[in-house]
Engineer: 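Take a look at this one; I'll ask things after.
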2 protein chains.
Amino acid sequence: MPASPHFAAIAPEAAGMPLYRVVKRALLQAIEGGTWAPGSTLPSETELAVAFGVSIGTLRKAVDELSAEHILVRRQGRGTFVATHSPDRFLFQFFHVERADGLREAPSVELLSFDRVKLDDAQAEALNLRAGDAAFQFENRLALQGRAVILDRLTLPAGLFKGLTEKRLRERPSTLYQLYQSEFGITVVHARERARAAAADRHASRVLGIAAGLPVMQVHRVALTFGDKPVEHRESIINTAQHEYVSLLSRKDAAR
Amino acid sequence: MPASPHFAAIAPEAAGMPLYRVVKRALLQAIEGGTWAPGSTLPSETELAVAFGVSIGTLRKAVDELSAEHILVRRQGRGTFVATHSPDRFLFQFFHVERADGLREAPSVELLSFDRVKLDDAQAEALNLRAGDAAFQFENRLALQGRAVILDRLTLPAGLFKGLTEKRLRERPSTLYQLYQSEFGITVVHARERARAAAADRHASRVLGIAAGLPVMQVHRVALTFGDKPVEHRESIINTAQHEYVSLLSRKDAAR
DNA sequence: CCCAATTTGTTCGTATGTATA
DNA sequence: TTATACATACGAACAAATTGG
């Protein structure tokens, strides 16, 4: 285990902020700054409390919030870990399509295209960049039970994903977000989605094997890292003939 | 202030359950059973801790969870209250449509029809009842900025809403959920939604003033009270030409 | 405007239980 | 079995917000 890190004095913007939030911010910055890599074990609560000069209860309250946000994971008897992007986490936190009967299954993914592009106005706005900025854009076809259900078009800022290639994308061992994390040091912590109905255009109808003009759901998503900084823009076209878009089970968090 | 209530001994199903969860269940049952009406003030934390025979910290942990689930509301300096269904709460917790530019506005509601019906298979399944059971069914047209955007068809079990009439529905002073709560003692605590795209049928197209066949979003919602008991089924047809369906900002809870 | 009482919010510290290696 | 880690439970003191005098 690494030596207990040495933390900076209270930041100026912490004025009037409860101590446990100051500790939370410090933990966040340490995680973001790579003091503890994804998947690694943090020092014990006792050690952290000493390192920060706060009581164990205060330290726990900070960790409670980070745990509720899926940034840290606690396991009784084992320790506290920096969350990683496992296939399970993707399925339950970031994948919102289920079969109409409620079956939830991990999709199989097929890369259809890979390009370097310049951001259009809408993408630039969503990513907090300027139109014309360089980006990678690629399309995935997602299948459930062997049937194509979703067409994703993803847009990633070139500045954040230097060295991304079609080959690396294709040969990734696990989920996309796992790739972002392990290869580019980018941790997706949250996503915002907005949906509407639309008629399938020719491209979507070909990829999904449905008639052009058929109603499909169109979901715009922005994935965010620490500090709500956008790192990915995604437009999904969903064939909802046999499947449905399911909003977060906000219950899960509370009911445990 | 009413005298401190007198709570039953620990329930048998509480075996192995942490004390704060036992307290939480007892609080829930007291709320559900009407010991404290919606909007009323609970005894202070100190009093409750004494009444339950637990420490203040344990009591607070129970209240923390109920507060996170929007069942209780705490206000520093004032007290802890049983949550009520205000228009604001409806807008932020239960209404998921925004204008494309992000403007979130309370809809104006117009009652279009009111009938007694028998549940069909799908409705019965969703409401955990039997097909053919008696129900009320009514339609609302919701407008934003004066434009019709949503057509809701609601189905309520007749057994839970005895005495509901078109007149009472029409003359309610506030939101529908406020009516459920004050007139029928039914508190909606949570809702599950599933969405798909569909072509507007003739009825929807007439009500929303759009062309038949146009792609619209179709949202199935089941509203639940304590113990995840379903109390309302709702099918919404949304014209997403100018508006979007926005999934919960799961961030809001955590970021406060 | 200030003061006092009340209530929740924060912080501290300790002891004990439970899960894991 | 032992050691370690998180989980639960206890209790005390003070801070901050609110209300009423």
Side-chain angles (χ1 to χ4, degrees), chain A residues 1-4 7 10 14-27 36 39-83 253-256, chain B residues 1-4 7 10 14-27 36 39-83 253-256:
Chain A
M1 183 190 303
S4 282
F7 297 98
I10 294 178
M17 191 185 287
L19 188 50
Y20 72 88
R21 282 208 183 274
V22 177
V23 172
K24 180 184 174 184
R25 291 177 71 122
L27 286 171
W36 305 301
S40 66
T41 309
L42 266 64
S44 75
E45 295 183 339
T46 313
E47 288 176 274
L48 284 173
V50 171
F52 283 111
V54 302
S55 75
I56 184 83
T58 299
L59 187 277
R60 274 186 69 81
K61 191 153 179 167
V63 174
D64 279 345
E65 292 201 354
L66 292 170
S67 178
E69 295 171 36
H70 309 289
I71 291 170
L72 292 180
V73 175
R74 301 209 271 202
R75 287 189 217 279
Q76 185 174 358
R78 295 192 50 199
T80 302
F81 306 84
V82 180
D253 296 326
R256 269 165 241 194
Chain B
M1 182 189 305
S4 282
F7 296 98
I10 294 177
M17 189 184 289
L19 187 50
Y20 73 89
R21 282 211 183 270
V22 177
V23 173
K24 180 184 174 185
R25 290 177 72 122
L27 286 170
W36 305 301
S40 67
T41 308
L42 266 64
S44 74
E45 295 183 340
T46 314
E47 289 175 273
L48 283 174
V50 171
F52 283 110
V54 302
S55 76
I56 185 80
T58 300
L59 186 278
R60 275 186 68 82
K61 189 150 180 170
V63 174
D64 280 345
E65 292 200 355
L66 293 171
S67 178
E69 295 171 35
H70 308 290
I71 291 170
L72 293 178
V73 176
R74 301 209 273 202
R75 285 188 220 281
Q76 185 174 2
R78 294 190 52 199
T80 302
F81 307 83
V82 180
D253 297 325
R256 269 164 236 196

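Because only heavy atoms are used, hydrogens play no part in the values below, and waters and symmetry mates are left out as well, while side chains stay in. A, B, ... follow the sequence lines: proteins, then strands. Residue 1 opens every chain.
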Engineer: From A:Ile71 CD1 over to A:Leu27 CG, what is the distance, rounded to the nearest 0.5 angstrom?
Structural biologist: 10.5 Å
Engineer: In whole Å, I'd like the distance from the CZ atom of B:Phe52 to the C1' atom of D:dA9.
Structural biologist: 16 Å
Engineer: C:dT10, C:dC12, D:dC6: which one has an atom nearest the side-chain heavy atoms of A:Pro18?
Structural biologist: C:dT10
Engineer: Atom CD of B:Glu65 to atom C1' of D:dT8: distance rounded to whole Å?
Structural biologist: 12 Å
Engineer: Tell me whether the OP1 or OP2 atom of D:dT4 has a side-chain N or O from A:Ser44 closer than 4.0 Å.
Structural biologist: no
Engineer: Let's go through A:Phe52 and A:Thr58 carefully: what are the C-alpha distance in whole Å and the side-chain angles of both, what is the deciding distance for side chain to side chain contact (heavy atoms under 4.5 Å, CB included) to 0.1 Å, and is it a yes or a no?
Structural biologist: CA-CA 10 Å; A:Phe52 283 111; A:Thr58 299; over 6 Å; no
Engineer: Between D:dC10, D:dG11, C:dT11, which one does the side chain of B:Ile56 approach most closely?
Structural biologist: D:dG11
Engineer: Do A:Lys61 and A:Lys24 have side chains that approach each other closer than 4.5 Å (heavy atoms only, starting at C-beta)?
Structural biologist: no
Engineer: Check this one for me: any side-chain N or O of B:Thr46 less than 4.0 Å away from OP1 or OP2 of C:dT7?
Structural biologist: no
Engineer: Would you mind telling me which of C:dC12, D:dC6, C:dT10 lies closest to the side-chain atoms of A:Glu45?
Structural biologist: D:dC6
Engineer: What is the separation between atom CG on A:Leu72 and atom C1' on D:dA5, rounded to the nearest whole Å?
Structural biologist: 15 Å
Engineer: Taking only the side-chain heavy atoms of A:Arg60 (C-beta and beyond), determine which of C:dT7, C:dT11, D:dC6 contains the nearest atom.
Structural biologist: D:dC6
Engineer: What's the OH-C1' distance between B:Tyr20 and D:dA7, to the nearest Å?
Structural biologist: 8 Å
Engineer: Measure from CZ on B:Arg21 to C1' on D:dA7 and round the result to the nearest Å.
Structural biologist: 12 Å
Engineer: Any non-hydrogen side-chain atom of A:Thr80 less than 4.5 Å from a side-chain atom of A:Thr41?
Structural biologist: no
Engineer: For the atom pair OG (B:Ser44) and CD1 (B:Ile56), what is the distance rounded to the nearest 0.5 Å?
Structural biologist: 7.0 Å
Engineer: In whole angstrom, give the distance that lies between atom CG of A:Leu19 and atom C1' of D:dC14.
Structural biologist: 14 Å
Engineer: So what does B:Thr80 touch, heavy atoms closer than 4.0 Å: a base, only the sugar-phosphate, or nothing?
Structural biologist: sugar-phosphate
Engineer: Taking C-beta and beyond as the side chain, do A:Asp64 and A:Tyr20 meet within less than 4.5 Å on heavy atoms?
Structural biologist: no
Engineer: Taking 4.0 angstrom as the limit, do A:Arg60 and A:Glu65 come out as a salt bridge?
Structural biologist: no
Engineer: Which part of the nucleic acid, if any, lies within contact of B:Gly57, taking any heavy atom under 4.0 Å across all strands shown: a base, the sugar-phosphate backbone alone, or nothing?
Structural biologist: nothing
Engineer: Closest approach to the side chain of A:Arg74, judged atom by atom: which nucleotide of C:dT11, D:dC10, D:dA7 is it?
Structural biologist: D:dA7
Engineer: Flag the pair B:Leu72 / B:Phe81 as yes when at least one side-chain heavy-atom distance between them is below 4.5 Å, and no otherwise.
Structural biologist: no
Engineer: Just the atom pairs and distances: protein N or O near nucleotides 17-21 of chain C's N or O, under 3.5 Å.
Structural biologist:
from, atom 1, to, atom 2, distance (Å)
C:dG17, N2, A:Gln76, NE2, 3.0
C:dT18, O2, A:Gln76, NE2, 2.8
C:dA21, OP1, A:Arg78, NE, 3.3

Engineer: How bent is the helix from C:dC2-D:dG21 to C:dA21-D:dT2, comparing axes over its five end pairs at each side, to the nearest 10°?
Structural biologist: 20°
Engineer: For A:Glu47 and D:dT4, give me the distance from atom CD to atom C1', rounded to whole Å.
Structural biologist: 10 Å
Engineer: Return the minimal non-hydrogen interatomic distance between B:Ser67 and B:Arg74, and the atom names on each side.
Structural biologist: OG-CG, 4.4 Å
Engineer: Measure the spacing between CG of B:Leu59 and OG1 of B:Thr46 and express it to the nearest 0.5 Å.
Structural biologist: 8.5 Å
Engineer: Atom NZ of A:Lys61 and atom P of C:dG13: how far apart are they, to the nearest Å?
Structural biologist: 17 Å
